[in-house]
Amino acid sequence: MRYSKMFIPTLREAPADAEAISHILMVRAGFVRQLAAGLYIFLPLGWRVLDRIDAILKEEMESIGAQEISMPILHPAEIWQQTGRWDVIGDEMFRLKDRTERDFCLGMTHEEIMTWLASREIRSYRDLPQVWYQIQTKLRDEARPKSGVLRTREFIMKDSYSFDATEEGLDKNYQLHAGAYHRIFGRCGLKFLQVESDPGMMGGGYSHEFMAPSPAGEDEVALCDGCGYSANVELALSAPLPNETVDWPYEEAHTPEKRTVKEVSNFLKVNPSYFIKSILVITEQGPVLALVRGDQELHEKKLSGVVGSHRPAQKTEVKEILGVEAGFIGPMGHSIRVIADPCLKDGLFIAGANKQHYHIRGVKADRDFNAEWHDIHIAKSGDMCSCGKPLHVERVIEIGNIFKLGTKYSSALNAVFLDENGVEKPIIMGSYGIGPARIAAAAIEQNNDKDGMIWPRSIAPFDVELIPLNMNDEKTVETAEMLYKALSSERIEVLLDDREERAGVKFKDADLIGIPTQIIIGEKNLREGLIEIKDRKTKELTKIKVEEVVEKARQLLAGL
RNA sequence: CGGGGCGUAGCGCAGUUUGGUAGCGCGCACGGUUCGGGACCGUGAAGUCGGAGGUUCAAAUCCUCUCGCCCCGACCA
């Protein structure tokens with residue numbers, strides 16, 4: 001491809017409304033343009049990257065026996081109504097009507113439609129297993145699109161679905177997908193982790209996420225260096241470091257106007273980890289008191305798992321229900337349901353005295369209060385893994401996920417088969433997603449420097465960039481054209497910067513768009529029959545003979 | 001949805017406090033000189049000041065409403 005013929009609108013300055021590095025660089029390097037919040041246009045370079053990612057996805061999916069199909073994006077409401085998600089999902093679903101007032105939605109994902117197809121076509125255990133996938137646009141009316149291409153309202157997803165007669169079959173397809181995903185992300189040059197995740201609204205019981213470490217990510221995972229435990233903090237289990245044993249009598253402490261853990265902790269000169277944080281929430285079954293240690297945060301989702309949906313109590317409600325101002329609440333002497341984090345089980349603590357301006361020292365679980373014990377705190381760096389080693393928490397971009405769905409969708413849509421004994425059973429399903437644009441963004445987040453992007457070879461928009469410095473020098477142009485043809489004939493993807501630009505401009509643009517290898521053709525070197533190969537990542541320059549260029553490029557591509 | 005910020009030329013911004021004929025840098029077009037890390041000189045084109053309404057002799061500037069974009073949070077199949 002000739003640079004002069006290609007649309008690569010690079011920008012000298014960073015766009016004002018971009019924050020994430022990948023976002024800034026994608027815009028600056030002319031890979032994408034924004035149409036509206038959460039809607040992006042992929043320009044030629046950006047689209048080439050997605051193409052290469054898609055090629056890897058297809059190869060690896062085919063290698064585990066998945067078959068590519070293509071599903072509509074416009075879905076009739078009835079199917080989503082049958083699984084209940086038409087009502088469960090709120091504003092995030094784009095809904096519309098056709099000219100006859102029939103309800104439709106735009107597909108956020110394709111469990112329903114895939115299952116519908118299976119329900120019509122699969123009859124017998126002999127038809128199973130099946131694995132179908134597509135690389136297709138999804139639409140979600142995100143509450144807050146952000147970080148460029150990382151969270152958008154319209155995006156492409158590789159989604160596959162497995163259909164099995166048995167749990168063992170599902171397990172096998174699940175593992176096959178996990179393996180394929182490892183190969184895919186590895187080939188795309190990403191650092192990534194597989195972590196346990198919360199299946200959420202997908203239903204089913206078992207799922208993992210694939211995460212690319214990056215400060216631009218929206219998720220956090222807890223990792224153990226000791227045993228390899230890794231989980232999304234949404235469900236990560238951890239134990240905080242235990243407190244030193246103290247020998248406090250049960251006694252009141254006057255704590256005038258000291259309400260927060262921090263205030264009381266400073267006032268009494270006792271570390272926050274010796275406090276019980278009492279949080280009143282209102283559930284559908286009434287008020288519940290949640291207790292975590294003073295140095296911890298309450299994990300809303302974990303608590304929801306125990307008490308169902310809930311909201312924090314208002315100040316007036318605290319006063320009404322517990323008879324004391326928020327800030328001086330303690331777990332003692334209440335008749336409402338109490339859920340406590342297990343780290344409060346042993347040792348003595350300080351808690352609110354249920355009396356204005358007083359706290360109590362020496363509070364002991366099971367003696368001074370009773371509670372149901374559940375892990376309801378947010379795991380944080382420094383907490384202990386169940387193996388006894390410390391955990392650390394890392395920010396990540398979710399680039400893929402795998403779910404065991406079970407029969408949630410097949411039961412709802414009557415996708416059944418007859419087994420060997422002629423017994424009708426629901427098909428057992430799995431669902432597996434990957435976001436190609438997130439792979440691209442994660443690759444940039446993980447590989448860049450002050451000059452621009454540094455693409456992994458496998459997904460770079462081109463394999464090499466040819467940079468003839470002086471387009472007015474006949475020999476330079478001649479050599480560039482010759483190398484362009486020679487490299488292209490080796491099926492190497494070449495970008496030839498044939499623009500009438502000064503060397504500096506070409507160098508800057510080349511570094512910005514980040515093609516991994518630059519071949520620089522300069523007048524002076526050429527007189528000695530030499531050209532330079534520059535590695536974008538290391539900036540290392542190597543002079544080689546013109547005749548050796550093709551062989552050298554071939555080696556680089558082969559990873560030698 | 002709650003909180004905050006911002007909408008002025010293709011891009012990045014100043015001008016708004018204190019109303020008085022819209023500016024800078026980059027980019028773009030043309031001419032010349034340059035030519036291995038975003039050149040220089042000259043000339044030029046380009047703006048409904050997000051939109052609507054209002055106040056005023058006069059509004060980018062003041063008032064009201066509205067739309068859009070970004071960030072934090074909530075939400076996130």
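Here is the naming used below: chain letters follow the sequence lines, and residue numbers restart at 1 for every chain. Side chains included, hydrogens not; waters and symmetry mates left out as well; all remaining heavy atoms used.
The side chain of Glu532(A) lies closest to rG36(B), out of rG36(B), rG27(B), rC35(B). Taking the side chain of Asn472(A) as heavy atoms from C-beta on, and the options rC35(B), rG37(B), rC75(B), the nearest nucleotide is rC35(B).
In this structure, Lys404(A) places its NZ atom 19 Å from C1' of rA77(B), rounding to the nearest Å. Between Glu13(A) atom CD and rG27(B) atom P there is a gap of 10 Å when expressed in whole angstrom units. Between Tyr161(A) atom OH and rA77(B) atom P there is a gap of 14 Å when expressed in whole angstrom units. Residue Lys508(A) contributes atom NZ, which lies 15 Å from atom C1' of rC26(B) at whole-angstrom precision. Atom CG in Asp497(A) sits about 13 Å away from atom C1' in rG38(B), given to the nearest Å. Separating the CG atom of Leu35(A) from the C1' atom of rG68(B) is a distance of 12 Å, rounded to the nearest angstrom.
Within 4.0 Å (heavy atoms only), Ala18(A) reaches no atom of the nucleic acid at all. Heavy atoms of Asn525(A) sit under 4.0 angstrom from at least one base atom. Across all strands shown, Lys146(A) has heavy atoms under 4.0 Å from sugar-phosphate atoms exclusively, and none from any base. Residue Asp91(A) is classed as having no contact, given no heavy-atom separation below 4.0 Å to the nucleic acid. Here Arg28(A) lies in heavy-atom contact (under 4.0 Å) with a base. Using a 4.0 Å heavy-atom criterion, one finds that Lys534(A) contacts the bases of the nucleic acid, with or without backbone contacts as well. When heavy atoms are screened at a 4.0 angstrom cut-off, Ala143(A) is found touching base atoms of the nucleic acid. Residue contacts shown for Glu218(A) are absent, as no nucleic acid heavy atom lies under 4.0 Å away. Backbone-only engagement by Ser147(A) is indicated by non-hydrogen atom pairs under 4.0 Å involving sugar-phosphate atoms exclusively.
In terms of phosphate contacts, Arg144(A) brings no side-chain nitrogen or oxygen within less than 4.0 Å of OP1 or OP2 of rA74(B).
Each of Lys524(A) and Lys301(A) lies near RNA chain B, and the nucleotide nearest Lys524(A) is the one positioned closer to the 5' end. Residue whose closest nucleotide on RNA chain B sits further toward the 5' end, between Arg502(A) and Ala36(A): Arg502(A).
Under the 6.0 Å cut-off for aromatic ring centres, His177(A) and Phe210(A) do not qualify, their centroids lying 6.0 Å or more apart.
The aromatic rings of Trp455(A) and Phe31(A) sit parallel to each other, their planes meeting at less than 30°, with 60° as the upper class boundary.
Put simply, the side chain of Ile41(A) does not reach to within 4.5 Å of the side chain of Trp47(A), judged on heavy atoms.
Between Asp473(A) and Lys524(A), none of the side-chain N atoms (NZ, or NE/NH1/NH2) sits under 4.0 Å from a carboxylate O, so this pair counts as no salt bridge.
Under the 3.5 Å distance criterion, the side-chain polar atoms of Glu445(A) are left unmatched by any main-chain donor or acceptor of Ser214(A).
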